[in-house]
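Contents: one structure, followed by commentary.
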Amino acid sequence: MTTKKAFSKGIQQQASWQLKDNQVTPEAVFNQRRHIVKALGLGALGASIPGYVQAGIFDLFGDKKPQAQPFVTQGLNFTQPQIYQAQQALTPENKVTRHNNFYEFGTSKSDPFDNAQHFQVKPWTLQIDGLVDNPLTLDADDLTKMFALEERTYRLRCVEAWSMVIPWVGFPLASLLKKAGVKANATHVAFETLFDPEQMPGQKSRLMGGGIHYPYVEGLTIAEAMNDLSLMAVGLYGKTLPPQNGAPIRLVVPWKYGFKSIKSVVRIRVMDKQPPTSWNQLAPHEYGFYANVNPQVDHPRWSQASERSIGEGGLFSAKRIETQMFNGYGEQVAHLYKGLDLTKNY
Ligand SMILES: Nc1nc2c(c(=O)[nH]1)N[C@H]1C(S)=C(S)[C@@H](COP(=O)(O)O)O[C@H]1N2
Ligand SMILES: [Mo]
């Protein structure tokens, strides 16, 4: 699979100066912010600037006042491969970090920001085991140092029919799996989020946690996991992830509904059968294992033909855009599903 091929609609090669007028503003703000950060002499992409300072300077349209002691993010070093740079307006950072699904911290969109600012990401242990030659145990520093980091802008399409465009920083899941050495009989990869009810109130009560049986678990086939698009993200907007977005490390699978992109991962297990997945277990007729974005297969309770683009369309309403098959990444992933009836295997 070559990365030089022309990409489908979603991520065509295009220079930033070719962006249409109506696409320019949020990205321009992002780039301008980088320059301001540099001009202030604050180091690589805002290293160690407390979130509230950044919010105060840059997040002009924030919905609510930040907490007194917000989580502090760190600047990251990364390359910017051309093919994964923004081809469309980025969702403003203050929407990406204030409109979240992270049921461990509560079920409303503002709960993760409100309840996760004191989440501990150090020490952290990420274990890679199961059907591998060399089981790995990564600590907090390994997460950002063990693999070369890249910035990649991906669309995120939630099954609830809203979407964002997010500049992630991370490394391919395949790099990690290759380092561990996947055994020949492996067929699937299972992922697990931290279980720590003391820090995650949603894990204490069924009401707070939306009925999910914790820890949150997800899974991919080996071929999906090895696809170059599958990213282990450790940052967004040039800095380490804030807790509400899945600090210190989360999966991002941009051609699937957002619930596959599991946050705050502590374990990755290579298996020889399909692992159980949280939303599928809770409501199997509504959420499948594959969960590929598909505008032709409606959710039992709503249409999947279009989506609300968060941050676009003004203060009180989001612009509606058409949903694309595989969220626009068909050229990279459609071959994975040859022969599979995508109207049934949702
Ligand atoms: N552990 C865990 N991971 C999770 C979720 C969750 O509730 N718990 N929500 C998922 C859903 S439904 C979506 S849409 C994305 C949202 O990611 P974001 O908040 O970074 O945009 O995270 C996914 N990962
Ligand atoms: Mo979602």
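Just follow the structure's listing: the first ligand is 1, and inside any ligand the first atom is 1. Source: prediction; values computed, not measured.
- For atom 8 (N) of ligand 1, the closest non-hydrogen atom of the protein is E104 OE1, 2.8 Å.
- Without hydrogens or angle criteria, Y329 side chain to R155 main chain gives a donor-acceptor distance under 3.5 Å.
- Residue V159 does not touch ligand 1, judged by heavy-atom distances below 4.0 Å.
- Heavy-atom proximity to Y103, at under 4.0 Å, picks out these atoms of ligand 1: 6 (C), 7 (O).
- Heavy atoms from both the backbone and the side chain of N101 come within less than 4.0 Å of ligand 1.
- Here E160 does not pair with R308 in a salt bridge; the nearest charged N to carboxylate O distance is not below 4.0 Å.
- Among all non-hydrogen protein atoms, the one lying nearest atom 3 (N) of ligand 1 is K263 N, 3.1 Å.
- Residue contacts with ligand 1 for M164 are absent, since no atom lies close enough (heavy atoms, distance under 4.0 Å).
- In terms of protein heavy-atom proximity, atom 15 (C) of ligand 1 is closest to G258 O, 3.6 Å.
- By the neighbour-count criterion of 12 heavy atoms within 6.0 Å, atom NZ of K179 is sparsely surrounded, having that number or fewer from other residues, nucleotides or ligands.
- In the candidate list V253, T107, N245, V265, N245 is nearest to atom 20 (O) of ligand 1, counting heavy atoms.
- A donor-acceptor pair is defined here as one N or O able to donate and one able to accept, closer than 3.5 Å; no such pair exists between the side chain of Y103 and the backbone of Q203.
- With respect to K204 and E104, no salt bridge is recorded, no charged nitrogen being found less than 4.0 Å from a carboxylate O.
- In Y216, the part holding a heavy atom less than 4.0 Å from any atom of ligand 1 is the side chain.
- Between W302 and H299, the ring planes are parallel. Angles under 30° get that label, and only those over 60° would be called perpendicular.
- Taking the six-membered ring for Trp and the full ring otherwise, the centers of Y287 and Y257 sit at least 6.0 Å from each other.
- The ligand atoms of ligand 1 that sit less than 4.0 angstrom from a heavy atom of C158 are 14 (S).
- Set against the non-hydrogen atoms of T193, the atoms of ligand 1 under 4.0 Å away are 1 (N).
- Ligand 1 is never approached by G246 to a heavy-atom distance shorter than 4.0 Å.
- Aromatic pair F102/F105: centroids less than 6.0 angstrom apart.
- For ligand 1, none of its N or O atoms has an N or O atom of W162 under 3.5 Å away.
- The closest approach between any non-hydrogen atom of R250 and ligand 1 is below 4.0 Å.
- Using a distance-only test at 3.5 Å, with no hydrogens or angles considered, a donor-acceptor pair links the side chain of S230 to the main chain of E224.
- Near I262, with a cut-off below 4.0 Å to any heavy atom, the atoms of ligand 1 are 3 (N), 24 (N).
- Interface atoms of ligand 1 facing S261, defined by a heavy-atom separation under 4.0 Å, are 22 (O), 23 (C), 24 (N).
- With hydrogens left out, the protein atom closest to atom 21 (O) of ligand 1 is L156 CD2, 3.3 Å, a heavy atom.
- Taking the charged nitrogens against the carboxylate oxygens, D139 and K122 have no contact shorter than 4.0 Å, which rules out a salt bridge.
- For R320 and E307, the salt-bridge test fails: no basic side-chain N is under 4.0 Å from an acidic carboxylate O.
- At under 3.5 Å, a nitrogen or oxygen of N100, whether backbone or side chain, sits near a nitrogen or oxygen of ligand 1.
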